[in-house]
Amino acid sequence: MNFGISTMPLEDYQLKSKLPLLKEAGIRYIEVKPKEGHFNYYDPKYLNEMSKEFTKNGIKVISMHMPTHGADISLTEEYDRIWSVREVEKTALALLRLGGGILVVHPGSKIEDEKARKERRKKSEQSLKEILKFCEHWGIKIALENTLPGKIGDNILEILEIVKKFNSKNLGICLDTGHCNITSSLYNHSGVVECLPEIKDYLCHLHIHDNLAKSDDHYLPFEGNIDWRRFVRGLKEINYQGVFMFELKKKQTMKKCSERLKNCI
């Protein structure tokens, strides 16, 4: 099983300056977090330069996260929704230029008034239809991520329902273990291990982190209460072939990340 790491804990730095450190830590696979000052996904010249830097450091971009600073594909104001869709499409093109194949998408952000949930989900699906058509053209796979409580897609059942509705080989699920641990406890839905048989035909990506089912701590495995041994066994049973992509807040070394799971594999 291959291990990778999201650049999220490095998002306050220019990514280029940190690539030698990632190489030294033995990191071969990454998910890029697009953010101004960290990774400028909209600049073709910059992307060409970064592509060479990744190659020089022996790092392969597996996936890219959609922008999270302002972009929300579930917004009801049409101008804002379309702007968000275009930002997601820009990251898809950036991913393509870097040779990656998986674009992680959030179906929506925080809903202040639960009465608006139905309309927000409708807008999310409308946006997803547009983004999916764009990504199908370029051969990019969208991994729809389960979100935190109070957001569109804040449980695995809803994510699965949306993905099944589109029935596209270019749309799958990104299981965020930390988010699932919180929402399953709160809503009494299938947990991190229990949901695997339900989503096995659609699971294409993982965000690996731990917590105590109370807050989005992004701990290393075994620092929270997720049963990682059962989780890894479950992944083997459904024949998951993707990368173990750690999504941490602290600057943990790849060695420490992989060591935490070696006893499980």
Side-chain angles (χ1 to χ4, degrees), residues 63 65-66 68 71-76 78 80-82 84-85 88-89 91-92 101-136 140-209 213 216 226 231 234-235 237-242 245 247:
S63 52
H65 204 292
M66 67 169 279
T68 54
D72 179 355
I73 67 171
S74 73
L75 293 174
T76 55
E78 189 64 2
D80 296 330
R81 187 191 70 80
I82 291 295
S84 297
V85 167
V88 175
E89 290 174 346
T91 56
I102 296 175
L103 179 65
V104 179
V105 173
H106 285 187
S109 64
K110 190 78 173 177
I111 303 170
E112 300 301 332
D113 182 358
E114 280 295 321
K115 295 178 182 177
R117 180 176 282 272
K118 184 177 180 180
E119 180 63 19
R120 290 281 296 278
R121 174 164 166 180
K122 181 181 177 182
K123 291 295 184 180
S124 177
E125 291 182 358
Q126 180 183 349
S127 299
L128 194 57
K129 181 179 180 181
E130 296 169 17
I131 297 166
L132 183 57
K133 183 178 179 181
F134 184 87
C135 287
E136 284 174 339
I140 293 170
K141 185 143 191 171
I142 297 173
L144 198 65
E145 178 182 345
N146 56 299
T147 54
L148 287 166
K151 299 182 178 183
I152 299 295
D154 60 1
N155 65 82
I156 290 295
L157 294 176
E158 186 173 31
I159 292 292
L160 187 59
E161 190 177 75
I162 294 171
V163 171
K164 283 183 175 180
K165 182 175 182 179
F166 284 95
N167 190 31
S168 168
K169 63 181 178 61
N170 288 81
L171 179 62
I173 291 175
C174 170
L175 174 61
D176 186 295
T177 58
H179 295 172
C180 183
N181 197 41
I182 296 171
T183 56
S184 62
S185 174
L186 187 65
Y187 301 145
N188 197 29
H189 289 155
S190 296
V192 177
V193 178
E194 292 76 17
C195 75
L196 292 177
E198 300 171 12
I199 64 174
K200 65 179 182 179
D201 295 330
Y202 305 95
L203 181 64
C204 64
H205 197 53
L206 293 171
H207 279 172
I208 299 293
H209 55 104
D216 194 27
I226 293 175
F231 179 68
L235 288 177
E237 288 171 3
I238 66 170
N239 195 31
Y240 174 71
Q241 297 294 311
M245 192 65 71
E247 192 183 53

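As the structure is a computational prediction, the values presented were derived from the model and not from experiment.
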Sequence neighbours excluded, which residues qualify as side-chain hydrogen bond (donor to acceptor under 3.5 Å, both in side chains) partners of [X]?
X	result
T91	none
T177	none
T76	none
N239	Q241

So, using ring pair (Phe, Tyr, Trp, His ring centres under 6.0 Å) as the criterion, who are the partners of H209 when residues are at least two apart?
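Residues passing ring pair (Phe, Tyr, Trp, His ring centres under 6.0 Å) with H209: H179, H218.
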Quick one: ring pair (Phe, Tyr, Trp, His ring centres under 6.0 Å) partners of F231, sequence neighbours excluded?
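Here the qualifying residues are W228.
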Determine which pairs satisfy ring pair (Phe, Tyr, Trp, His ring centres under 6.0 Å) with at least one residue from residues 155-178, sequence neighbours left out, and list them in order.
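For residues 155-178: none.
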Would you check if [X] and [Y] make a side-chain contact, meaning some heavy-atom pair closer than 4.5 Å?
X	Y	value
C135	N170	no
H207	V104	yes
H205	E145	no
D176	E247	yes

Flag the pair K200 and E237 as a salt bridge only when some basic side-chain nitrogen lies within less than 4.0 angstrom of an acidic carboxylate oxygen.
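Looking at E237 together with K200, the answer is no, because their closest N to O distance does not fall below 4.0 Å.
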Less than 4.0 angstrom from a charged side-chain N to a carboxylate O is my criterion; do D72 and R120 meet it?
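Yes, charged N to carboxylate O under 4.0 Å.
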Any residue meeting salt bridge (charged side-chain N to carboxylate O under 4.0 Å, His left out) with K165, in chain and number order, not counting sequence neighbours
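K165 satisfies salt bridge (charged side-chain N to carboxylate O under 4.0 Å, His left out) with E125 once adjacent residues are dropped.
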Using 0.5 Å steps for rounding, measure from the SG atom of C174 to the CG atom of N146.
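Interatomic distance, C174 SG to N146 CG, rounded to 0.5 Å: 7.0 Å.
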Taking all non-hydrogen atoms of both residues into account, name the closest pair between V88 and M66 and its distance.
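So the minimum-distance heavy-atom pair works out to CG2-CE, 3.9 Å.
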Which residues pass the side chain to side chain contact (heavy atoms under 4.5 Å, CB included) test with S185, not counting sequence neighbours?
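Partners of S185 by the side chain to side chain contact (heavy atoms under 4.5 Å, CB included) criterion, ordered by chain and then number, come out as A213.
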List for me each residue that meets side chain to side chain contact (heavy atoms under 4.5 Å, CB included) alongside E130, sequence neighbours excluded, and say none if there are none.
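Counting only residues at least two positions away or on another chain, E130 forms a side chain to side chain contact (heavy atoms under 4.5 Å, CB included) with R81, I82, V85, Q126.
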Between side-chain atoms of residues 147-160 and protein atoms elsewhere (two or more places apart, or another chain), which donor-acceptor pairs fall under 3.5 Å?
residue	atom	partner	partner atom	Å
T147	OG1	I152	O	2.8
T147	OG1	G153	O	3.0
T147	OG1	D154	N	3.2
D154	OD2	R117	NH2	3.2
D154	OD2	G150	N	3.0
D154	OD2	Y187	OH	3.0
N155	OD1	L157	N	3.1
N155	OD1	E158	N	2.8
E158	OE1	G153	N	2.9
E158	OE2	R121	NH1	3.4

Tell me which donor-acceptor pairs under 3.5 Å the side chains of residues 188-196 have, and how far apart each pair is, sequence neighbours excluded?
residue	atom	partner	partner atom	Å
S190	OG	E198	OE2	2.6
E194	OE1	G191	N	3.4
E194	OE2	R230	NH2	3.4

